[in-house]
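Read through the structure below, which is laid out as structure tokens, and then see the notes.
The sequence lines fix the lettering, A, B, ..., with proteins before strands; numbering per chain opens at 1.
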Amino acid sequence: MAQIEQADKGKKKKGAQKKMSIHVDFTPMVDMNMLLITFFMLCTTMIKSQTLSIALPTNEKVEQSEMNKAKDSEAITLIVDTERNEDGTIKKDEDGNARNLVYYYLGKPMVIDENQDSIFEDSNLERTVFLGNDASGMQQGIRKILHSRNKPVLEKIAVLKQQWRNKEFSPKKDLNDSIYQARAKEVRNDSTLTRPVVIIKATPNASWASVIGALDEMQINQISRYQIDNINKTDEGMIDAYIRKHGN
Amino acid sequence: MGKVKIKRKSTLIDMTAMSDVTVLLLTFFMLTSTFLQKEPVTVITPASVSEEKVSTSNVVNVLVSPEGKVFLSVAGEADLANNPESWGSEPLRKEILKNAVARYNQLHPSKKVVLTEQDADVFAKIGSFGVPFQALPTFLRLSQTEQDKVISDMSRADVGIPIDDNTDLNTPNEFQIWMQAIYSSGNDNLQAQMKKGEGIAVKADQITPYSTVHHVLDNLQTLKMNKFSLLTALKTESD
């Protein structure tokens, strides 16, 4: 291929110059290209990072009456925590994964006894972990709880998803996607359905991954109303009492 | 009987085809590549199912190392000629530095930071910055390799932008001074994007304790920059 052959027609004449076959060796060229490819491969980022958009509430003082209080029946408070060793490093299980715990309670914390004293034992605090779906696609851990709380929304979205898969909204992919997204958003924000309000809190020990994990569960379970809040004394007291009672 | 002659074959391999392939690959990588931003620490972001993509340019990156040190970078488009609205240009970074130092000196008249024009030029070329104001003049007068060495040493006290849970904007902490300086650096597009919530990205390591990331979130809230994005890696729902 890399040679230019000159045809020698006819008989060789005496004194005619010897026909040369010009052959270019491409090996060094390939070497150089390979080096350049290696350089570009190592220096590029092919994957763009994903983002979670988040809007925090303003910390301006809001009048008590103006506040849109969540109904107790709808509220769930999640407190994420990460198990740590004595030296502050994150505890890992056999597979090398960090164990992120979630404490949660429904509605208000039940800690006040008849004498108006705070008693953290026997509160309505429960503990579970972050777990994905099991092999059969069933929810586990905190996801199961959130899933069951947001069932009306999830059922409607499952129907929409099926329609979206069958391209019932539009045969065009882009249009199909956008109609599905718009419909799903409508369902998520449909105030006629019973939807939970999730308050996410984190202990100072909690790793960033566990907080993101909690925000992620909101996306997975199609929960539209959630907020990040600061942990308070009651929460800390309840967690301490829970650990005293049930062990780590 | 005549001997069977075995033709000697030449061992030359024709490399032309190989060369063609490598050039094609090379072209592909050259066209698709966006270079990695140099960052003081490698941060492994936690995974999430969110599929929103983040733009790598026109964004203020707040980087939180596992140790809780905070770094800032203002990333813009390299090709300014075609993107007049871009906001990562060197004059802009100089403006940010000027604003921030002026504000700091106004707040701390007893220990003023004095920077020369050369220092500002050096600053304009740095991607991620993260040293306290007091350490800024010495840091900017180091050579580039020494700067990299200093800024990647997480055990040093003079690395990372000091941050605390200050909520009073009359006495802002250094992180707040920087963010205000970036916001009021005179670029309308930057302001608009920051208001929309597309201009700020918080990137923290998955093992960073929440208490340190919390400072950053709280400070942004105090600065009324309530909308921003959190950088994550991709995972699927079943994980």
Side-chain angles (χ1 to χ4, degrees), chain A residues 1-3 23-34 36-37 39-60 80-82 84 88-90 98 132-135 137 202-213 215-216 219-220 228 230, chain B residues 12-19 22-23 25-26 29-30 32-37 45-56 64 167 197-198 201-214 217-218 220-222 224 226-239:
Chain A
M1 264 192 256
Q3 69 218 34
H23 198 119
V24 185
D25 188 7
F26 271 93
T27 325
M29 172 86 165
V30 171
D31 290 352
M32 186 200 68
N33 282 346
M34 283 295 191
L36 279 173
I37 289 175
F39 168 73
F40 276 102
M41 275 175 77
L42 293 179
C43 291
T44 55
T45 40
M46 299 290 277
I47 312 158
K48 273 196 174 179
S49 298
Q50 265 40 52
T51 58
L52 266 178
S53 307
I54 191 165
L56 294 177
T58 51
N59 54 359
E60 281 162 29
V80 292
D81 190 18
T82 304
R84 289 184 185 259
T89 53
I90 291 170
N133 298 351
D134 65 5
T203 64
N205 271 340
S207 69
W208 182 231
S210 62
V211 181
I212 291 285
L215 289 172
D216 217 24
Q219 293 236 325
I220 293 169
I228 301 181
N230 296 336
Chain B
L12 264 179
I13 302 165
D14 190 10
M15 280 288 169
T16 328
M18 180 79 164
S19 165
T22 51
V23 170
L25 270 173
L26 188 59
F29 277 108
M30 277 175 74
T32 54
S33 68
T34 42
F35 284 96
L36 278 174
Q37 289 281 333
T45 51
S48 97
V49 293
S50 172
E51 281 173 14
E52 264 175 77
K53 292 275 187 287
V54 68
S55 67
T56 45
V64 188
T167 51
E198 286 166 6
V202 177
K203 188 176 182 183
D205 196 277
Q206 51 182 348
I207 63 163
T208 312
Y210 179 66
S211 47
T212 52
V213 189
H214 182 228
L217 302 189
D218 248 20
L220 287 171
Q221 207 176 0
T222 307
K224 301 205 173 60
N226 295 17
K227 276 169 105 179
F228 47 87
S229 41
L230 308 169
L231 289 196
T232 55
L234 189 65
K235 73 167 183 186
T236 54
E237 197 171 314
S238 50
D239 295 336

CG-CE distance between L26(B) and M32(A), expressed to the nearest 0.5 angstrom: 7.5 Å

Interchain contact, L220(B) with chain A, by part (heavy-atom threshold 4.5 Å): neither

What part of T203(A) gets closer than 4.5 Å to chain B, counting heavy atoms only: side chain, backbone, both or neither? backbone

Give a yes or no on this: more than 12 heavy atoms of other residues, nucleotides or ligands lie within 6.0 Å of atom CE of M30(B). no

Tell me, for I212(A) versus chain B, whether the close heavy atoms (under 4.5 Å) come from the side chain, the backbone, both or neither. side chain

Answer with side chain, backbone, both or neither: which region of V23(B) has an atom nearer than 4.5 Å to a non-hydrogen atom of chain A? both

Heavy-atom side-chain contact between W208(A) and T212(B) under 4.5 Å: no

Between the side chain of S19(B) and the main-chain N/O of M29(A), is any donor-acceptor distance below 3.5 Å? no

Non-hydrogen atoms of chain B under 4.5 Å away: do they reach the side chain of N230(A), the backbone, both or neither? side chain

Residue among G213(A), A202(A), S210(A) with most heavy-atom pairs under 4.5 Å to chain B: A202(A)

Can you check whether N33(A) reaches F26(A) side chain to side chain, under 4.5 Å on heavy atoms? no

L230(B) versus L215(A): any side-chain heavy-atom pair under 4.5 Å? yes

Please determine, among I37(A), V30(A), D31(A), the option with the most heavy-atom pairs under 4.5 Å with chain B. I37(A)

Please flag which part of A201(B) lies under 4.5 Å from any non-hydrogen atom of chain A: side chain, backbone, both or neither. neither

